[in-house]
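Input: a single structure, listed below in structure tokens.
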Amino acid sequence: MPELPEVETTIRGLNNYLQKGIIEKVNVFRADLRYEIPSDLTQKLKWGTIHSITRRSKYIVVEIDNKNSTFTALIHLGMSGSMQIEKSPTRLNKHDHVEWVIMTSSGRYYLRYNDPRRFGCIVMQQGNAFEVLKSHKLTNKLGPEPLTSDFNSEYLVMKIHNRKSSIKQLIMNQHIVVGVGNIYASEALFLAKVNPHLLGNSITDHQAKLIVVMIKMVLKKAIEKGGTTLRNFVNSEGKPGYFQQELWVYGREGLLCKKCLKVNIEREVIAQRSTFYCPNCQYINKK
DNA sequence: CGTAGCGCCTGCCGGC
DNA sequence: TGCCGGCAGGCGCTAC
């Protein structure tokens, strides 16, 4: 579920409360997520200090110092995950799988990992965040962050110019650029006026420039709005995002295009994922 | 190497 | 009311 803006919103919330916190206890209620949570996680993290909470791609990256060693946890929210902070040990919600009890200078907090579908994961490896991201199988082949200058149109053209997949699939490919998921892929292509069916090898330099600009723009605006809440995404303080009000095409099948006001938004399945576009604004010019 | 398809799992919604 | 199909913000694995 969460794409880059929702994960970014989540880590900003966590950093508001948990900086330099000490992990007093870890409770694992259910370990069978995408990968089994290692059974020594509890013991290894106990009395560790949270050194940093950052984001890489859609992973929440938590670096923890403990005695003479450093560990880094990579937390992925999958399709339906979220993290929430409670100020008191309230009753657990359904699908709360892990809880960290964290003591900070402003008090004790209960951080819960909730994930109904359990497509998310929590993995941990010895080393600091940089070392683990560079070496871990899940993160060592990731493409550039979309909001950095490493992601530019020259790079994108280089990665897609000989690809036969659709541009929609390519911008969702985390080896090409990270963070773009199913909502923001449709939105960015709409803003760039590029039809999602177009193949990578047919994208012009001009279109690549627009795609890059629009990916950056849509992600930045979504972060400002606290992300998109379709069903149940809430940030770490339990509040929803507000970007769904600004969506041009996602989830608007059969509704009038808000830009051209001429035709209805269409939904088609591309690579097993719902794809929304305006057949007028994103018309394919066949020569 | 690139591409296509499957499967992991729970919940919700609409139609009958 | 209940059952069933379809759908859901991700991504790794496999086969070709």
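Below, chain A is the first sequence line, B the second, and so on; all start at residue 1. Note that this is a predicted model, so its numbers are computed, not measured.
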Margin query: Tell me the interatomic distance from A:Ile171, atom CD1, to C:dC11, atom P, rounded to whole angstroms.
Written below: 14 Å
Checklist line | Gap between atoms CE and P, on A:Met172 and C:dC11 respectively (whole Å) | finding: 8 Å
Next item on the list: Report yes if at least one side-chain N or O of A:Ser165 is closer than 4.0 Å to OP1 or OP2 of B:dT3; otherwise report no.
Entry: yes
Margin query: Taking 4.0 Å as the cut-off, does a side-chain nitrogen or oxygen of A:His95 come that near to OP1 or OP2 on B:dC9?
Written below: no
Notebook entry, point to check: Under the 5.5 Å and 30° test, is A:Phe119 stacked on the base of C:dC11?
Noted result: no
Margin query: Taking the minimum atom-to-atom distance to the side chain of A:Arg30, which one of C:dG12, B:dA4, B:dT10 wins?
Written below: B:dT10
Next item on the list: Check the distance between C:dG6's P and A:Arg267's CZ and give it to me in whole angstrom.
Entry: 11 Å
Check: Can a side chain N or O of A:Arg273 be found less than 4.0 Å away from OP1 or OP2 on C:dG10?
Finding: yes
Check: In whole angstrom, what separates A:Gln174's CD from C:dG12's C1'?
Finding: 12 Å
Notebook entry, point to check: With respect to the side chain of A:Lys58, which nucleotide from B:dT3, B:dT10, C:dG10 is positioned closest?
Noted result: C:dG10
Next item on the list: With C1' as the reference atom in both, quote the distance from C:dG9 to B:dA4 in angstrom, rounded to an integer.
Entry: 22 Å
Item checked: Whole-Å gap separating P (C:dC7) and CZ (A:Arg252) -> 20 Å
Next item on the list: Please report the shortest heavy-atom distance between A:Glu6 and A:Thr228, naming the atom on each side.
Entry: OE2-N, 2.8 Å
Notebook entry, point to check: Nearest of B:dG5, C:dG9, B:dC9 to any side-chain atom of A:Gln272?
Noted result: B:dG5
Note to self: Tell me whether the side-chain N/O atoms of A:His76 come closer than 4.0 Å to OP1 or OP2 in C:dG10.
What the structure shows: no
Note to self: Quick check for you: among C:dG9, C:dG10, C:dA8, whose closest atom lies nearest to any side-chain atom of A:Arg117?
What the structure shows: C:dA8
Notebook entry, point to check: Can you tell which of A:Gln84, A:His97, A:Glu99 makes a side chain to side chain donor-acceptor pair (under 3.5 Å) with A:Arg112?
Noted result: A:Glu99
Next item on the list: Remember a base hit wins even if backbone is also touched, and classify A:Lys159 as base, sugar-phosphate or nothing at under 4.0 Å, heavy atoms.
Entry: nothing
Margin query: From C-beta outward on A:Glu3, which listed nucleotide comes closest to its side chain: C:dG9, B:dT10, C:dG12?
Written below: C:dG9
Margin query: On the six-membered ring of A:Trp248, is A:Lys259 placed so that its NZ or CZ lies under 6.0 angstrom from the centre and within 45° of the ring axis?
Written below: yes
Checklist line | Residue pair A:Arg118 / A:Asp32: nearest heavy atoms and the distance that separates them | finding: NE-O, 3.0 Å
Note to self: Would you say A:Arg163 places a side-chain N or O within less than 4.0 Å of OP1 or OP2 belonging to B:dT3?
What the structure shows: yes
Next item on the list: Pick base, sugar-phosphate or nothing for A:Ser186, based on heavy-atom distances below 4.0 Å to the nucleic acid.
Entry: nothing
Margin query: What contact category does A:Lys94 fall into here, base, sugar-phosphate, or nothing, at under 4.0 angstrom with non-hydrogen atoms?
Written below: sugar-phosphate
Check: Can you tell me if the side-chain N/O atoms of A:Lys137 get under 4.0 Å from OP1 or OP2 in C:dC13?
Finding: yes
Checklist line | Separation of atom CG in A:Leu77 from atom C1' in B:dC9, rounded to whole Å | finding: 16 Å
Checklist line | A:Lys225 NZ: over 12 foreign heavy atoms closer than 6.0 Å | finding: no
Checklist line | Euclidean distance, atom CG of residue A:Leu33 to atom P of B:dG7 [Å, nearest integer] | finding: 22 Å
Check: By ring pair (Phe, Tyr, Trp, His ring centres under 6.0 Å), which residues pair with A:Phe71, not counting sequence neighbours?
Finding: none
Margin query: Taking the six-membered ring for Trp, are A:Phe119 and A:His76 closer than 6.0 Å centroid to centroid?
Written below: no
Checklist line | Integer-rounded Å distance: B:dC1 P and A:Ile160 CD1 | finding: 20 Å
Notebook entry, point to check: Contact class for A:Phe243 vs. all strands (heavy atom < 4.0 Å): base, sugar-phosphate, or nothing?
Noted result: nothing
Note to self: For A:Lys239, is the NZ atom crowded, meaning more than 12 foreign heavy atoms sit under 6.0 Å from it?
What the structure shows: no
Note to self: When you measure only distances, ignoring hydrogens and angles, does the side chain of A:Arg118 come within 3.5 Å of the base of B:dC9 through a donor and an acceptor?
What the structure shows: no
Notebook entry, point to check: Considering heavy-atom distances to DNA chain C, does A:Tyr250 or A:His175 have its closest nucleotide positioned more toward the 5' end?
Noted result: A:Tyr250
Check: What nucleic acid atoms does A:Ser274 come within less than 4.0 Å of, heavy atoms only: base, sugar-phosphate, or nothing?
Finding: sugar-phosphate
Check: Can you tell me how far SG of A:Cys257 sits from CZ of A:Phe190, rounded to the nearest 0.5 angstrom?
Finding: 4.0 Å
Note to self: Once pairs are restricted to Watson-Crick or G-U wobble with both distances under 3.5 Å, how does DNA chain C read as a dot-bracket string, [ ] for crossings and | for other-strand pairs?
What the structure shows: .|||||||.|||||||
